[in-house]
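By convention in this document, chain letters (A, B, ...) are assigned in the order of the sequence lines, proteins followed by strands, and residues within each chain are numbered from 1.
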Amino acid sequence: MKPHYMITTPIYYVNGAPHVGHAYTSIAADVLARFKRLDGYDVFFLTGTDEHGQKVEQAAQDKGQSAQNFATMVSAQFRNMADQLNISYNDFIRTTEERHVKSCQALWQKIADAGHIYLGAYEGWYSLRDECYYGEDELTTAEDGSKIAPTGAEVKWLKEPSYFFKLSAWQDKLLEFYEQHPHFIGPESRRNELLSFIKSGLRDLSVSRTSFKWGIPVPGDDDHVMYVWFDALTNYISALGYPNIENSDLWRFWPADLHLVGKEISRFHALYWPAFLMAAGLEVPKRIYSHGWWTVEGEKMSKSVGNVIEPLKLVEEFGLDPVRFFLLREVPFGGDGDYSRQALINRMNNELANDLGNLAQRTLSQVMRNCEGKLPEIGQRNQDDEALLSKAILLPILLREQMDRQALHESLETIWKIIRASNAYIDHQAPWTLKKTDLERMNVVLRVLVDTLRIIATCLQPFMPGAMDKLLTQLGVTESERQLSDLETLIPAGRELPAPSGIFPRFIEAE
RNA sequence: GGCGGCGUAGCUCAGUGGUAGAGCAGGGGAAUCAUAAUCCCUUGGUCGGUGGUUCAAAUCCGCCCGUCGCUACCA
């Protein structure tokens with residue numbers, strides 16, 4: 001039986017259109033999912049949209065639409081983006097779906113029955129205009145002594161009934177859990193933040209609202225809707241059939257292996273979610289990994305500055321695989337990064353077109369011309385040949401370890417080292433000279449290059465599925481020979497290769 | 001304010017006690033199979049400052065400066 005692996009993106013909030021940050025999370029998750037499949041795992045890759053809450057209600061109202069219609073429209077945009085980006089999700093869940101509503105209510109009931117939810121009152125400084133509460137330290141005091149919100153709105157001390165989750169009771173259990181699972185949160189810096197947050201003392205969490213209606217009703221109390229995070233986080237088990245886990249074929253994927261999230265929502269996943277699950281007697285996910293944020297040409301991305309990068313426009317101009325590559329190559333995964341047009345073009349031209357694309361082209365065109373377009377015999381290899389191949393064949397082993405740490409940039413760097421070594425190899429061996437002096441040796445060299453390229457292309461499939469499909473076809477690798485495990489078997493000599501054509505054209509800036 | 005991260009070549013960063021590294025950018029050369037792509041060599045840093053521990057510190061400790069993040073219910 002195949003080992004299984006469950007990976008998720010956050011469900012995206014539908015109060016605005018998708019931007020490059022959403023695309024980034026999805027692409028990274030997709031690479032990890034595809035890598036695990038490549039490595040023989042049975043993968044469940046979940047994504048979707050988060051559709052409840054006051055902001056959606058408000059955004060819909062501004063457009064004169066019902067919340068449901070508005071959410072459906074924006075959700076479709078996210079789904080379209082995922083499809084355009086070639087995201088290989090197994091399920092796309094929406095929090096307005098019946099299966100999710102039932103799942104949330106069941107989870108709530110389970111936690112309530114276990115005595116971890118109680119009815120209390122939430123109080124604080126509330127701004128009627130901003131429709132939200134502010135903390136004491138965010139407020140300024142006006143001349144007449146009244147309190148003013150950061151937005152300039154007036155605030156009043158308000159008290160509303162609310163259900164609370166007994167988060168404070170879980171403080172010690174959570175700390176114990178983090179100590180027993182040092183790799184539960186990544187990267188390391190997020191773990192430190194979270195630990196210091198918990199150690200400063202946990203308060204009970206308000207998990208229902210009465211101030212708006214667009215949400216999942218609390219079981220047995222229709223005046224309340226669930227706190228959006230309780231609603232949103234539950235999606236991960238809704239998709240697996242919760243609460244009907246006895247009859248669900250998918251429940252075997254729980255606990256999830258990885259929740260990939262943006263750093264801004266690290267705490268919700270690493271703290272509240274485990275607490276909810278523990279309270280419900282369910283297993284806790286194995287790992288939460290937070291990636292960083294993108295700036296644009298050195299500036300923070302914002303609607304008012306007008307520098308928001310729309311992923312589909314990037315794809316339209318540069319092509320999908322170069323964009324996927326750039327996003328994962330440019331920045332250490334887990335840290336923040338900067339998008340710049342020039343940096344993208346440099347990566348495209350230097351690394352895709354020159355290093356890899358040209359390597360494939362120069363190798364394959366010689367095979368085509370000098371080997372009658374057929375894969376040469378393996379022949380008698382010398383030390384140089386073995387040196388290159390032995391490094392290349394280690395790639396899957398190195399990649400497995402890196403992918404399990406979500407060190408996607410390291411994987412690409414590791415692969416690029418082999419690509420550079422291959423370019424050095426072809427120059428030093430100079431098969432174009434051997435053609436005149438030693439045909440047998442020329443065949444060996446070209447064969448070494450084709451075999452090395454096959455390993456490279458196989459390993460790069462998760463990052464650039466479209467381009468690598470094309471390259472593998474040119475290398476004579478059939479679709480049933482593209483798993484990591486297939487690398488153990490060499491392609492038989494004599495196989496006819498199709499005529500090569502460029503995989504990564506250089507990008508020339510229009511005048 | 002408290003806690004934590006970071007500060008290494010022009011740029012982006014790797015390097016956690018023992019003669020300063022990579023990629024890109026810059027300079028010189030080789031080659032001509034290839035998407036004028038590639039390969040080889042090379043310029044360049046008193047590793048933020050300062051005091052200390054040590055035979056030896058970018059690497060450990062103190063202080064200072066700069067910068068960034070977290071500091072709860074507004075995704």
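Spacing between B:A22 and B:C41 at atom P, rounded to whole Å, works out to 11 Å. To the nearest whole angstrom, the two C1' atoms, one in B:C64 and one in B:G7, are 14 Å apart. B:G44 and B:C63: their P atoms are spaced 37 Å apart (whole Å). The gap from the P atom of B:G21 to that of B:G15 amounts to 16 Å, rounded to the nearest Å. Using C1' as the reference atom, B:U19 and B:U46 are 15 Å apart when rounded to the nearest Å. Rounded to whole Å, the separation between the C1' atoms of B:C39 and B:C33 comes to 13 Å. Here, B:C68 and B:C13 have their P atoms 14 Å apart, quoted to the whole Å. For the C1' atom pair drawn from B:A25 and B:C61, the interatomic distance equals 38 Å after rounding to whole Å.
With rounding to whole Å, A:Leu408 atom CG is found 17 Å from B:C13 atom P. Between A:Gln171 atom CD and B:A72 atom C1' there is a gap of 13 Å when expressed in whole angstrom units. Between A:Leu453 atom CG and B:C33 atom P the separation is 19 Å, expressed in whole Å. One can place CD1 of A:Ile265 at 18 Å from P of B:G69, the figure rounded to the nearest angstrom. The distance from atom CD of A:Gln342 to atom C1' of B:A25 is 11 Å, rounded to the nearest whole Å. Put simply, CD on A:Glu188 is 15 Å from P on B:U16, counting in whole angstrom units. In this structure, NZ of A:Lys263 is placed 12 Å from P of B:C68, rounded to the nearest angstrom. Rounded to an integer number of Å, the gap from A:Arg190 CZ to B:U71 P is 10 Å.
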Report, one pair per line, the protein and nucleotides 2-12 of chain B atoms (nitrogen or oxygen only) whose separation is under 3.5 Å.
none

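Under the ring-ring contact (aromatic ring centres under 6.0 Å, His included) rule, A:Phe325 has a single partner from A:Phe463, A:Phe504, A:Trp416, which is A:Trp416. Tested against A:Ser411, the residues A:Met403, A:Glu401, A:Gln406 include a single side-chain contact (heavy atoms from CB on, under 4.5 Å) partner, A:Met403.
In this structure B:A20 sits in no base pair that meets the Watson-Crick or G-U test at under 3.5 Å. Under the Watson-Crick and G-U wobble criteria, each requiring two contacts below 3.5 Å, nucleotide B:G7 is paired to B:C65. Across all strands shown, B:A14 has no partner, as no Watson-Crick or G-U wobble contact with both distances under 3.5 Å is found. With a cut-off of 3.5 Å on both Watson-Crick or G-U wobble distances, the partner of B:U53 is given as none. Here B:A72 sits opposite no nucleotide as a Watson-Crick or G-U wobble pair (both hydrogen-bonding atom distances under 3.5 Å). The partner of B:C47 cannot be assigned: no Watson-Crick or G-U wobble pair with both contacts below 3.5 Å exists in any strand. Across all strands shown, B:C33 forms no Watson-Crick or G-U wobble pair with both distances under 3.5 Å. The partner of B:G26, taking Watson-Crick or G-U wobble pairs whose two distances both stay under 3.5 Å, is B:U42.
Counting any heavy atom pair closer than 4.0 Å across all strands shown, A:Tyr272 reaches a base atom. Contacts of A:Lys199 with the nucleic acid, taken as non-hydrogen atoms under 4.0 Å apart, are absent. Among the heavy atoms of the strands lying under 4.0 Å from A:Val228 is at least one base atom, whether or not backbone atoms are also near. A:Gly201 comes within contact range of at least one nucleobase, with a heavy-atom separation under 4.0 Å. Residue contacts for A:Trp229: at a heavy-atom cut-off of 4.0 Å it reaches a base atom on one of the strands shown. Among the protein residues, A:Leu202 comes within range of the nucleic acid bases, having at least one heavy atom under 4.0 Å from a base atom.
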Side-chain donor/acceptor pairs under 3.5 Å, residues 10-22 of chain A, sequence neighbours excluded:
residue	atom	partner	partner atom	Å
A:Tyr12	OH	A:His22	O	3.3
A:Tyr12	OH	A:Ser26	OG	2.7
A:Tyr13	OH	A:His52	O	2.9
A:His19	ND1	A:Gly21	N	2.9
A:His22	ND1	A:His19	N	2.9

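The 5' end of RNA chain B is approached more closely, in terms of each residue's nearest nucleotide, by A:Trp432 than by the other of A:Asn15 and A:Trp432.
Ring geometry for A:Tyr163 against A:Trp108 counts as perpendicular: the plane angle is over 60°, on a 0 to 90° scale with 30° as the lower cut. The aromatic rings of A:Trp229 and A:Phe268 lie parallel to each other, their planes meeting at an angle below 30°, with 60° marking the opposite boundary. Between A:Trp294 and A:Phe326, the two ring planes are tilted [angle within 30° to 60°]. Relative ring orientation between A:Phe333 and A:His291 is described as tilted, the plane-to-plane angle lying within the 30° to 60° band.
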Can you give one letter per nucleotide of nucleotides 34-42 of chain B, going 5' to 3': B for a protein heavy atom under 4.0 Å from the base, S for sugar-phosphate only, - for none?
BB-SBSS--

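Shown here are the side-chain contact (heavy atoms from CB on, under 4.5 Å) partners of A:Glu413, two or more places apart in sequence or in another chain: A:Arg329, A:Lys417, A:Arg420. In terms of the side chain to side chain donor-acceptor pair (under 3.5 Å) criterion, A:Thr95 has no residue partners (sequence neighbours excluded). For the salt bridge (Lys or Arg N to Asp or Glu O under 4.0 Å) test, no residue two or more places apart in sequence or in another chain qualifies with A:Arg191.
Remark: aromatic rings of A:Tyr236 and A:His269 are close, center separation under 6.0 Å.
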Which is it for A:Thr414 and A:Gln402 under the side chain to side chain donor-acceptor pair (under 3.5 Å) test, yes or no, and what are the steps along the way?
CA-CA 10 Å; A:Thr414 304; A:Gln402 291 161 341; 3.0 Å; yes

